[in-house]
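All remarks here apply to the structure that follows.
Chain letters run A, B, ... following the sequence lines, proteins first and then strands; every chain starts at 1. What you are looking at is a predicted structure, and each value in this text was computed from that prediction instead of being measured.
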Amino acid sequence: MQLNPKTREAYNLFHDGILALGRAEQQGIRVDVEYIEEKQAQLTKRIDWLYKRVEGTKFYHHWEHSQKGKVNIMSDAQLARFLYDVKKLKPIKLTPTKKGSTDEESLTQLNIPELNHILKIRKLKQLRDTFLEGFRREQVNGVMHPFYNLNLARTFRSSSDRPNFQNIPKRDHESMQICRKALYPRKGHQLLEIDFSGLEVRIAACYHKDPTMLAYINDPTTDMHRDMAEQLFKFKYDKAREDHYTLRQAAKNGFVFPQFYGDYFGNNAVDLACMWGGLPMDKWKPGDGIEFNDSQLANHLIDNKLSSLGLFTKHVQKIERDFWENRFPDYAAWKERWWQTYQKNGYIDLLTGFRCSGVMGRNDCINYPVQGAAFHCLLWCIIELDKIARLESWKTKLVGQIHDSILIDAHPEELEYVARVVKRVTCEDLPKAWPWISVPLDVDADLCAVDASWADKEKYEFK
DNA sequence: GGAACTCGCCAC
DNA sequence: AAACGTGGCGAGTTCC
């Protein structure tokens with residue numbers, strides 16, 4: 001992949017950035033090898049048990065017969081052949097190469113107990129063999145040193161490998177606990193994680209300057225995701241209700257973000273209904289779906305004339321139109337303009353002085369400049385913090401980075417001071433250094449107790 | 001026995 | 001008109 005910063009500033013950012021990241025790599029993250037080996041053994045037992053439960057079934061014997069004995073329960077190719085050719089089941093979706101898919105959604109929809117066991121085995125194997133084993137393999141004397149690359153991502157973001165520090169489970173609580181319990185600060189230190197709130201949305205706003213979006217960003221009492229949840233699911237948001245918050249998350253991750261990335265209502269409707277609403281693919285019956293308003297989501301939607309995925313899809317289509325035509329028309333116009341500009345010039349310039357060129361699609365032209373520039377905000381802060389930390393001989397060290405967040409191995413006595421400096425650098429110094437940042441920036445922080453693992457973190461309030 | 005490919009899944 | 005962006009990685013498979 002090309003490395004093509006257009007300006008001197010862009011070059012310097014990466015030059016200084018890779019040195020700061022190199023120091024974080026050198027510092028590394030403590031790994032509890034004993035815990036990992038114990039947990040891996042535990043996972044192996046659970047995997048074996050689930051495997052045995054599948055092995056004894058008619059389903060398995062049928063599969064074995066069709067394979068002439070050689071079954072590999074982890075082979076998607078075998079599974080697809082068995083389900084869709086031998087058993088003649090209808091695939092709910094196809095892979096990019098037009099074969100029946102065996103991903104989580106497809107297998108869940110088929111509603112066969114053995115497939116649920118296979119899904120669970122897949123999950124546990126990934127925890128054992130990708131995450132825990134990755135940490136174990138890469139650690140040296142109980143410390144692993146994930147690498148950060150600035151020369152791979154076509155967006156001018158970073159990537160990470162050996163092991164990848166940027167995809168450790170977080171959303172699924174069980175997976176998060178299993179993986180992050182392996183990771184520790186230095187003895188007597190504590191982990192402090194700081195992330196920019198809504199960074200990509202705010203950086204996008206610096207490009208398109210859509211007034212409605214700017215109003216959302218500038219007035220913290222408003223909430224774009226809440227408004228979209230109300231529109232998508234037809235209800236009045238009550239912030240005291242946990243089920244309402246669930247639908248807000250659904251709107252955010254199943255509609256708003258995918259729309260920004262260039263997705264469309266067809267996928268959104270399926271995701272919102274199946275993944276986030278727990279509803280079946282066809283017609284909905286009372287009692288279907290997640291709990292909502294002391295009943296079920298299906299009951300609520302049926303009352304609102306949305307009684308099937310088909311009707312819901314038409315509803316989401318209307319909301320998509322409204323989203324771009326009425327709510328964020330300036331954002332929509334910017335997207336179109338940006339695409340036209342690329343087609344005319346053959347490149348896209350970022351606000352941070354980088355230039356993306358080569359063959360790009362419509363969505364690429366919108367996504368690259370936002371993702372890149374957002375990450376550059378973080379990188380600028382990392383460089384600045386690294387400079388200050390060395391100048392002032394901090395015992396506290398920067399040890400990791402995940403696109404819009406940093407992981408700090410903090411000395412307890414320096415903690416409050418460090419947190420103040422981080423807040424100043426991110427929210428004050430950065431916007432001063434880069435005047436194109438025309439929106440306020442904000443950070444959230446999480447803190448772990450002294451000597452506690454990364455799994456046990458709590459919200460940290462800045463003093 | 002390795003390269004290249006597909007598929008699935010984790011993060012942002 | 002078209003239809004989810006960026007990565008890394010493991011496992012299986014096929015080809016050389």
Separation of dC9(B) P from Leu124(A) CG (nearest whole Å): 13 Å

d(CE, Met275(A); C1', dC10(B)) in whole Å: 13 Å

Touch class at under 4.0 angstrom, heavy-atom based, for Ser405(A) against every strand present: nothing

Whole angstrom value for the distance that separates P of dC9(B) from CD1 of Ile121(A): 14 Å

Donor-acceptor pair under 3.5 Å, Arg157(A) side chain vs dC12(B) base: yes

Atom-to-atom span, OH of Tyr261(A) to P of dG7(C) - whole angstrom: 13 Å

Qualifying ring-ring contact (aromatic ring centres under 6.0 Å, His included) pairs, either residue in residues 70-94 of chain A, two or more places apart: Phe59(A)-Phe82(A), His62(A)-Phe82(A), Trp63(A)-Phe82(A)

Sugar-phosphate only, base, or nothing, as touched by Ser158(A) at under 4.0 Å among non-hydrogen atoms: nothing

Atom-pair distance (CG on Leu350(A); C1' on dT6(C)), nearest Å: 13 Å

Atom-to-atom span, OH of Tyr264(A) to P of dA1(C) - whole angstrom: 16 Å

Under-3.5 Å donor-acceptor pair between Asp271(A) side chain and dC4(C) base: yes

All ring pair (Phe, Tyr, Trp, His ring centres under 6.0 Å) counterparts of Phe255(A), not counting sequence neighbours: Phe323(A)

Test log, rule ring-ring contact (aromatic ring centres under 6.0 Å, His included), inputs His403(A) and Phe196(A): CA-CA 10 Å; His403(A) 305 306; Phe196(A) 278 107; over 10 Å; no

Aromatic centroids of Phe14(A) and Phe354(A) separated by under 6.0 Å: yes

Distance test, side-chain N/O of Arg122(A) to OP1/OP2 of dC9(B), below 4.0 Å: yes

Touch class at under 4.0 angstrom, heavy-atom based, for Glu200(A) against every strand present: nothing

Pairwise side chain to side chain donor-acceptor pair (under 3.5 Å) hits with a residue in residues 19-33 of chain A, at least two apart: Arg23(A)-Asp386(A)

ring-ring contact (aromatic ring centres under 6.0 Å, His included) pairs, two or more places apart, involving residues 121-143 of chain A: none

Sugar-phosphate, base or nothing in reach of Ser160(A), heavy atoms under 4.0 Å: sugar-phosphate

Residues from residues 164-173 of chain A lying under 4.0 Å of DNA chain B - heavy atoms: Gln166(A), Asn167(A), Ile168(A), Pro169(A), Lys170(A), Arg171(A)

Options dC4(C), dT6(C), dC9(C), nucleotide nearest the side-chain atoms of Asn267(A): dC4(C)

Integer-rounded Å distance: dC12(B) P and His403(A) NE2: 8 Å

Residues which pass salt bridge (Lys or Arg N to Asp or Glu O under 4.0 Å) with Glu325(A), listed by chain and number, not counting sequence neighbours: Arg321(A)

Show each protein N/O and nucleotides 10-16 of chain C N/O combination with a separation under 3.5 Å, one pair to a line.
from: dG10(C); atom 1: OP1; to: Arg137(A); atom 2: NH2; distance (Å): 2.6
from: dA11(C); atom 1: OP1; to: Asp129(A); atom 2: OD2; distance (Å): 3.2
from: dG12(C); atom 1: OP1; to: Asn72(A); atom 2: ND2; distance (Å): 3.2
from: dG12(C); atom 1: O3'; to: Ser75(A); atom 2: OG; distance (Å): 3.1
from: dT13(C); atom 1: OP1; to: Ser75(A); atom 2: OG; distance (Å): 2.7

Verdict with supporting geometry, Gln401(A) and Ser158(A), side chain to side chain donor-acceptor pair (under 3.5 Å): CA-CA 9 Å; Gln401(A) 166 268 122; Ser158(A) 66; 3.2 Å; yes

Gap in Å between the two P atoms, one belonging to dC10(B) and one to dA3(C), rounded: 26 Å

Ile402(A) side chain, from C-beta outward: closest of dC12(B), dG7(C), dG8(B): dC12(B)

Selection: residues 360-373 of chain A, any non-hydrogen atom under 4.0 Å of DNA chain C: Arg362(A), Asn363(A), Asp364(A), Asn367(A), Tyr368(A), Gln371(A)

Below 4.0 Å: OP1/OP2 of dT6(C) and any side-chain N or O of Ser159(A): no

Chi angles and distances behind the side chain to side chain donor-acceptor pair (under 3.5 Å) call for Asn363(A), Asn367(A): CA-CA 6 Å; Asn363(A) 290 340; Asn367(A) 286 318; 5.3 Å; no

Ring pair (Phe, Tyr, Trp, His ring centres under 6.0 Å) partners of Phe165(A), counting only residues at least two apart: Trp454(A)

Could you give the side-chain donor-acceptor pairs of residues 112-125 of chain A under 3.5 Å, partners two or more places apart or in another chain?
from: Arg122(A); atom 1: NH1; to: Thr102(A); atom 2: O; distance (Å): 3.0
from: Arg122(A); atom 1: NH2; to: Asp76(A); atom 2: OD1; distance (Å): 2.8
from: Arg122(A); atom 1: NH2; to: Thr102(A); atom 2: O; distance (Å): 2.7

Spacing between Asp161(A) atom CG and dT6(C) atom C1', to the nearest angstrom: 15 Å

Of all pairs that satisfy side chain to side chain donor-acceptor pair (under 3.5 Å), the ones with a partner from residues 332-341 of chain A, not counting sequence neighbours: Glu336(A)-Gln340(A), Glu336(A)-Arg362(A)

Name every donor-acceptor pair, under 3.5 Å, that has one atom in a side chain of residues 257-265 of chain A and the other anywhere in the protein, sequence neighbours excluded.
from: Gln259(A); atom 1: OE1; to: Trp324(A); atom 2: NE1; distance (Å): 2.8
from: Gln259(A); atom 1: NE2; to: Asn268(A); atom 2: OD1; distance (Å): 2.7
from: Gln259(A); atom 1: NE2; to: Glu320(A); atom 2: OE2; distance (Å): 3.0
from: Asp263(A); atom 1: OD1; to: Asn267(A); atom 2: ND2; distance (Å): 2.8
from: Asp263(A); atom 1: OD2; to: Asn268(A); atom 2: ND2; distance (Å): 3.4

